[in-house]
2 protein chains.
Amino acid sequence: MDSIKLNDKQLALIEKLGLIFENGLQPASARIAALLLVSDKLELTFDEIRELLNLSKSATSNALNLLLSMERIEYITKPGDRKRYFKSNLSDWKENMKTKFLEFDKVHKTMREVLEQRPHSTKDFNQGLEEFINFMEFMNREIPVLFKKWELSKK
Amino acid sequence: MDSIKLNDKQLALIEKLGLIFENGLQPASARIAALLLVSDKLELTFDEIRELLNLSKSATSNALNLLLSMERIEYITKPGDRKRYFKSNLSDWKENMKTKFLEFDKVHKTMREVLEQRPHSTKDFNQGLEEFINFMEFMNREIPVLFKKWELSKK
DNA sequence: TTTTTGGTTCTGCAATAAGAGAACTAAATA
DNA sequence: TATTTAGTTCTCTTATTGCAGAACCAAAAA
């Protein structure tokens with residue numbers, strides 16, 4: 001049966017994934033996000049999370065609320081049960097990934113501004129910069145195409 | 001002529017780019033990286049950088065060495081001149097961008113590990129997770145193809 | 001040989017982050 | 001009405017970051 005206890009493999013995976021998620025999350029949130037992917041039981045209560053990860057109540061509360069606000073997790077309730085059951089929000093993850101890919105959109109716009117104010121005298125550099133910007137713009141155009149290609153390939 | 005003084009537009013761009021670069025860099029390094037793109041003069045000495053950005057010697061030294069070690073900048077020397085002239089390393093930037101794109105490679109591998117240890121009983125979740133992993137793998141396969149397409153389009 | 005230049009390294013501080021633990025609270029239960 | 005539950009919020013510590021300023025150093029110049 002789906003155990004609430006974590007075995008060694010699962011503990012190791014939580015550490016590993018946790019480190020990956022720490023890019024953009026504080027440690028406690030990162031581990032919770034990892035836990036909710038790794039655990040046999042997918043819907044865990046506040047106290048289960050707290051105990052499995054050895055967190056204080058405050059750390060658990062803040063981390064869960066952060067993840068909820070980022071929509072990386074959500075919770076369900078059960079009739080006649082006051083507890084909330086937290087679970088990973090996989091479908092939103094894909095959205096997140098897409099926006100993350102397009103996040104560097106601002107970069108090329110700002111870089112264009114940089115290019116536009118440069119003196120003509122640094123011609124070689126300006127050309128190199130322009131090529132780099134063009135490359136970023138190319139990627140920005142093509143990545144949404146890839147997304148569509150993926151959606152089509154699923155059908 | 002190419003001035004070493006920065007005008008208001010340039011100062012604003014350094015702030016703006018600096019914020020963007022702070023993703024992965026400390027503030028001082030981020031501003032230096034920005035400065036070396038924005039400044040009319042592209043090759044700046046230690047002291048010019050220090051004065052233009054109002055940094056201490058130690059902050060300047062550490063930040064420059066960090067950027068050098070990341071190969072985001074490089075320096076040249078001039079005969080009969082003991083100073084080093086620091087400049088942005090644009091060509092390496094493109095390489096950096098490529099590796100950054102492929103950096104999340106580890107993610108899908110670890111996610112596969114997660115999937116493989118999941119109980120069969122959480123079938124729906126496992127399927128969603130698998131689709132997500134497949135999506136990441138798809139992106140990982142296709143992005144190098146995009147790079148090639150770009151290289152070809154330039155010729 | 002002494003001084004200057006172009007930095008590097010060390011010490012210390014101020015600000016921020018991360019979380020523990022205790023006090024608190026609102027709704028549900030007894 | 002009193003108590004328990006399921007959290008939230010507040011206060012305090014500790015660790016880390018980012019940088020300033022001063023001391024230091026090696027090579028070149030005077």
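The shown structure was predicted, so the numbers you read here are calculated from the model rather than taken from an experiment. Per chain, numbering begins at 1; letters A, B, ... match sequence-line order.
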How is N65(A) classified with respect to the nucleic acid when contacts are heavy atoms under 4.0 Å: base, sugar-phosphate, or nothing?
-> sugar-phosphate
Show me, pair by pair, the donor-acceptor contacts under 3.5 angstrom made by side chains of residues 128-140 of chain B, not counting sequence neighbours?
| residue | atom | partner | partner atom | Å |
| --- | --- | --- | --- | --- |
| E131(B) | OE2 | K94(A) | NZ | 2.6 |
| E131(B) | OE2 | K154(A) | NZ | 3.0 |
| N134(B) | OD1 | R112(B) | NH2 | 3.1 |
| N134(B) | ND2 | E130(B) | O | 3.4 |
| E137(B) | OE1 | R112(B) | NH2 | 2.9 |
| E137(B) | OE2 | R112(B) | NE | 3.2 |
| E137(B) | OE2 | R112(B) | NH2 | 3.4 |

What are the atom names and distances for every N/O pair under 3.5 Å that joins the protein to nucleotides 27-30 of chain C?
| residue | atom | partner | partner atom | Å |
| --- | --- | --- | --- | --- |
| dA28(C) | O4' | R82(A) | NE | 3.3 |

Rounded to the Å, how far apart are E51(A) CD and dA6(D) C1'?
-> 13 Å
Anything under 3.5 Å between a donor and an acceptor, one on a side chain of residues 47-55 of chain A, the other on a protein residue two or more places apart or in another chain? List them.
| residue | atom | partner | partner atom | Å |
| --- | --- | --- | --- | --- |
| D47(A) | OD1 | R50(A) | NH1 | 3.0 |
| E48(A) | OE1 | K41(A) | NZ | 3.1 |
| E48(A) | OE1 | T45(A) | N | 2.9 |
| E48(A) | OE2 | K41(A) | NZ | 3.1 |
| R50(A) | NE | L55(A) | O | 3.2 |

For N126(B) and R118(B), test the side chains for any donor-to-acceptor distance below 3.5 angstrom and give the result as yes or no.
-> yes
Where do L37(B) and L90(B) come nearest, in terms of heavy atoms and distance?
-> CD2-CD2, 4.5 Å
Hydrophobic cluster membership, L35(B) vs I4(B), 4.5 Å side-chain cutoff | yes
In terms of hydrophobic clustering (I, L, V, M, F, W, Y; side-chain heavy atoms under 4.5 Å; direct or indirect links), are L17(B) and M70(B) co-clustered?
-> yes
Over its full length, what angle do the end axes of the helix from dT1(C)-dA30(D) to dA30(C)-dT1(D) make, each axis taken from five pairs and the result rounded to 10 degrees?
-> 10°
Of I73(A), L44(A), I76(A), L36(A), the residue whose pairing with K87(A) passes side-chain contact (heavy atoms from CB on, under 4.5 Å) = I76(A)
Protein-nucleotides 20-22 of chain C N/O pairs under 3.5 Å:
| residue | atom | partner | partner atom | Å |
| --- | --- | --- | --- | --- |
| dA20(C) | OP2 | S56(A) | N | 2.8 |
| dA20(C) | OP2 | S56(A) | OG | 2.5 |
| dA20(C) | N7 | S58(A) | OG | 2.9 |
| dG21(C) | O6 | S58(A) | OG | 2.8 |

Calculate the interatomic distance between F86(B) atom CZ and dG6(C) atom C1'; express it in whole Å.
-> 10 Å
For residues 17-37 of chain A, which residues have at least one heavy atom under 4.0 Å from DNA chain D?
-> none
Any residue meeting side chain to side chain donor-acceptor pair (under 3.5 Å) with K83(B), in chain and number order, not counting sequence neighbours = none
Just how far, in rounded Å, is C1' of dG7(C) from CD1 of I49(B)?
-> 12 Å
How would you list, by chain and number, every residue that makes a side chain to side chain donor-acceptor pair (under 3.5 Å) with R84(A), sequence neighbours excluded?
-> none
ring-ring contact (aromatic ring centres under 6.0 Å, His included) assessment of Y75(B) paired with Y85(B) | CA-CA 5 Å; Y75(B) 63 84; Y85(B) 290 80; 10.0 Å; no
Spacing of F46(A) atom CZ relative to dA6(D) atom C1', expressed in whole Å | 8 Å
Could you state the CG-C1' distance from L64(A) to dT8(D), rounded to the nearest angstrom?
-> 12 Å
K149(A) meets the side chain to side chain donor-acceptor pair (under 3.5 Å) criterion, sequence neighbours left out, with E142(B)
Which residues satisfy the side chain to side chain donor-acceptor pair (under 3.5 Å) test with E113(A), sequence neighbours excluded?
-> K9(B), K16(B)
Looking at DNA chain C, which of residues 69-79 of chain A put a heavy atom within less than 4.0 Å of it?
-> none
Which whole-number value in Å describes the distance from K83(B) NZ to dG7(C) P?
-> 8 Å
Can you tell me which residue pairs pass the ring-ring contact (aromatic ring centres under 6.0 Å, His included) test with a partner in residues 20-51 of chain B, sequence neighbours excluded?
-> F21(B)-W93(B)
Do D40(B) and Q10(B) get their side chains close enough for a donor-acceptor pair, meaning under 3.5 Å?
-> yes
Backbone of L25(A) reached by a side-chain donor or acceptor of S29(A) within 3.5 Å | no
Between A33(B) and R72(B) the two heavy atoms that sit nearest each other are CB-NH2, 4.4 Å
Would one find a side-chain N or O of R84(A) under 4.0 angstrom from OP1 or OP2 of dA6(D)?
-> no
